[in-house]
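Input: a single structure, listed below in structure tokens.
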Amino acid sequence: MKKRIGKWLSIGLPLILGIYLIQYKYNEFTHEQIHEIKSYFKNANYFYIYLSLFIALFGFISRAYRWKYAIQHLGYQTHFYNNLMAVCVGYFMNLTIPRSGEFSRALVLKKYENMPFDKAFGTIVAERVVDTLIFLLFVFASLLLQFKVLKGYILEKIPVTNLILLALIGFIGFVVFLLVWFYSKWKIVSTIKEKLSGLIEGMSSILKMENKWQFLFHSLFIWFTYILMFYVTIFALKETSNISFGAVTIAFIFGTLAVGFTNGGFGVYPLIIAEIFMLYGVPDTAGTAFGWLTWASQTVLMIVLGGLSFLFLPLLNRK
């Protein structure tokens with residue numbers, strides 16, 4: 001019963017937040033502004049939307065191909081089509097419960113490739129560690145280049161005292177976590193540590209694998225496709241086609257965070273993109289339309305690929 005409640009909360013709370021933000025945002029718009037947003041949808045150059053989705057396919061394929069290196073290092077051989085469909089299922093599941101896609105990918109390999117769940121999940125965690133490091137480097141470089149723009153925006157929205165308080169709370173929470181992790185005798189902590197043994201083996205496969213440079217290349221290529229697919233969509237609207245690459249990178253960063261912590265960014269993604277673009281002179285209506293165009297096209301792609309993967313996985317693995 002508790003698991004069901006937790007599951008529905010993990011789905012419902014981010015979804016309710018998205019619905020609330022949509023309602024809150026659009027109540028601010030006048031009838032003329034809503035009509036203007038609709039005109040952006042109608043007059044958008046959808047060639048660039050389709051181009052971004054085409055680029056996204058290469059990212060999906062590269063992620064599935066990268067995965068095999070960590071899997072092979074552990075002594076397992078999996079079919080590429082199962083890896084690819086597991087990746088698609090993972091993206092699809094992230095639209096329901098945030099970050100549930102990682103578990104779904106490992107479950108697919110357990111069911112169709114007979115690979116132990118903890119080891120499959122360990123390789124996925126290892127991927128996420130690498131992806132997080134690349135993302136943080138990207139964030140650091142972008143924030144450094146766009147510091148002046150963001151500094152004024154943050155200080156305007158959040159008082160300095162609140163920022164200091166948030167940093168202090170975060171530091172105290174981190175210290176408490178370390179104390180509990182290293183000195184606690186709680187059963188749940190011991191259980192988590194035991195479960196991590198299989199994950200550590202999967203994570204360590206990156207440093208020990210023979211094809212670690214190929215793994216790194218695909219990791220960089222995946223993020224290249226992410227930023228490129230986002231960048232080409234700015235040409236879909238005249239109002240966004242002239243913004244700087246720096247503005248694109250900042251919007252991409254905050255959009256990625258919105259997708260990672262919600263049900264695929266529902267409601268939150270377009271709002272954040274519009275807020276960032278306004279810092280660079282893009283009208284609120286144009287930024288909102290751009291956010292919805294980008295989010296909707298990517299979401300439809302994940303739903304289609306994920307749905308097809310659910311359909312073809314049992315058909316291609318009858319044996």
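All values derive from a computational prediction rather than experimental measurement.
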Checklist line | Val259 with Leu136, same ILVMFWY side-chain cluster at under 4.5 Å | finding: no
Checklist line | Results of ring-ring contact (aromatic ring centres under 6.0 Å, His included) for Tyr50 - residues two or more places apart only | finding: none
Check: What heavy-atom pair brings Phe277 and Ala251 nearest, and what distance separates the two atoms?
Finding: CE1-CB, 3.5 Å
Margin query: How long is the straight-line distance from CD1 of Ile250 back to CD of Glu275, given to the nearest 0.5 Å?
Written below: 14.5 Å
Notebook entry, point to check: side-chain contact (heavy atoms from CB on, under 4.5 Å) between Leu316 and Met85: does it pass, once the steps are laid out?
Noted result: CA-CA 11 Å; Leu316 295 176; Met85 287 188 288; 3.8 Å; yes
Check: What pairs meet the salt bridge (charged side-chain N to carboxylate O under 4.0 Å, His left out) rule with one or both residues in residues 290-309, with sequence neighbours excluded?
Finding: none
Next item on the list: Provide the full list of side chain to side chain donor-acceptor pair (under 3.5 Å) pairs with a residue in residues 218-233, sequence neighbours left out, each pair given once.
Entry: Ser62-His218, Arg63-Tyr226, Arg66-Ser219, Tyr91-Tyr226, Asp131-Trp223
Next item on the list: Tell me, please, which residues at least two apart from Asn317 pass side chain to side chain donor-acceptor pair (under 3.5 Å).
Entry: Asn82
Checklist line | By side-chain contact (heavy atoms from CB on, under 4.5 Å) - contacts of Ala236 (at least two apart) | finding: Tyr48, Ile49
Item checked: Hydrophobic cluster identity match, Val129 and Phe217, side-chain contacts under 4.5 Å -> no
Item checked: Listed partners of Phe224 passing ring-ring contact (aromatic ring centres under 6.0 Å, His included), at least two apart -> none
Note to self: Going by the rule side chain to side chain donor-acceptor pair (under 3.5 Å), which residues pair with Glu36 if we only count those two or more places apart in sequence or in a different chain?
What the structure shows: Tyr40, Thr285
Notebook entry, point to check: Where is the tightest heavy-atom contact between Gly59 and Ile222, given as atom of each residue plus distance?
Noted result: O-CG1, 4.1 Å
Check: When rounded to the nearest 0.5 angstrom, what is the spacing between CG in Leu301 and CZ in Phe92?
Finding: 12.5 Å
Check: Would you say Val87 and Arg105 make side-chain contact, with heavy atoms under 4.5 Å?
Finding: yes
Next item on the list: Please determine which of Tyr269, Phe245, Phe138 meets the ring-ring contact (aromatic ring centres under 6.0 Å, His included) test together with Phe252.
Entry: Phe138
Next item on the list: Rounded to the nearest 0.5 Å, what's the gap from OG1 on Thr288 to CG on Leu271? Could you check?
Entry: 7.5 Å
Check: Can you check whether Leu293 reaches Leu237 side chain to side chain, under 4.5 Å on heavy atoms?
Finding: yes
Item checked: Minimum-distance pair of heavy atoms, taken over all atoms of Val89 and Ser309 -> CG2-CB, 3.8 Å
Next item on the list: State which residues pass side chain to side chain donor-acceptor pair (under 3.5 Å) with Thr78; sequence neighbours excluded, sorted by chain then number.
Entry: Asn83
Notebook entry, point to check: Just wondering, more than 12 heavy atoms not from Tyr76 lying within 6.0 Å of its OH?
Noted result: yes
Next item on the list: Find out whether Phe135 and Ile253 are in side-chain contact, i.e. whether some heavy atom of one side chain is under 4.5 Å from a heavy atom of the other.
Entry: yes
Item checked: Leu257-Leu137 co-clustered via ILVMFWY side chain contacts under 4.5 Å -> no
Checklist line | For Phe103, all residues meeting ring-ring contact (aromatic ring centres under 6.0 Å, His included), sequence neighbours excluded | finding: Phe121
Notebook entry, point to check: Rounded to the nearest 0.5 Å, what separation is found between the CG atom of Leu74 and the OG1 atom of Thr123?
Noted result: 7.0 Å
Note to self: Going by the rule side chain to side chain donor-acceptor pair (under 3.5 Å), which residues pair with His35 if we only count those two or more places apart in sequence or in a different chain?
What the structure shows: none
Notebook entry, point to check: Which value, rounded to the nearest 0.5 Å, describes the distance between Phe58 atom CZ and Met229 atom CE?
Noted result: 12.5 Å
Note to self: Can you confirm whether Phe54 is buried at CZ, in the sense that more than 12 heavy atoms of other residues, nucleotides or ligands lie under 6.0 Å from that atom?
What the structure shows: no
Note to self: Tell me the closest heavy-atom pair linking Tyr280 and Gly246, and the distance in Å.
What the structure shows: OH-O, 4.4 Å
Item checked: Sub-4.5 Å side-chain heavy-atom contact between Leu109 and Trp67 -> yes
Notebook entry, point to check: Between Ser100 and Met93, what is the shortest heavy-atom contact and its length?
Noted result: OG-O, 2.9 Å
Notebook entry, point to check: Which heavy-atom pair separates Ala274 from Asp284 by the least distance, and what is that distance?
Noted result: CB-OD1, 3.6 Å
Check: Below 6.0 angstrom between ring centroids: does that apply to Phe312 and Tyr81?
Finding: no
Next item on the list: Please round to the nearest 0.5 Å and tell me the distance separating atom CD1 of Ile55 and atom CD1 of Ile227.
Entry: 11.0 Å
Margin query: Does anything in residues 235-250 form a side chain to side chain donor-acceptor pair (under 3.5 Å)? List the pairs, not counting sequence neighbours.
Written below: none
Item checked: Evaluation steps, side-chain contact (heavy atoms from CB on, under 4.5 Å), between Phe310 and Val108 -> CA-CA 10 Å; Phe310 275 116; Val108 169; over 6 Å; no
Check: Are Tyr69 and Lys212 close enough, and set up right, to give a side-chain contact (heavy atoms from CB on, under 4.5 Å), and what steps lead you there?
Finding: CA-CA 8 Å; Tyr69 294 123; Lys212 54 179 172 289; over 6 Å; no
Checklist line | All ring-ring contact (aromatic ring centres under 6.0 Å, His included) counterparts of Phe47, not counting sequence neighbours | finding: none
Notebook entry, point to check: Does a sphere of radius 6.0 Å around OH in Tyr112 hold more than 12 heavy atoms from other residues, nucleotides or ligands, not counting ones at 6.0 Å or beyond?
Noted result: yes
Next item on the list: Hey, can you tell me if Phe290 and Phe230 have their rings parallel, tilted or perpendicular (30° and 60° cut-offs)?
Entry: perpendicular
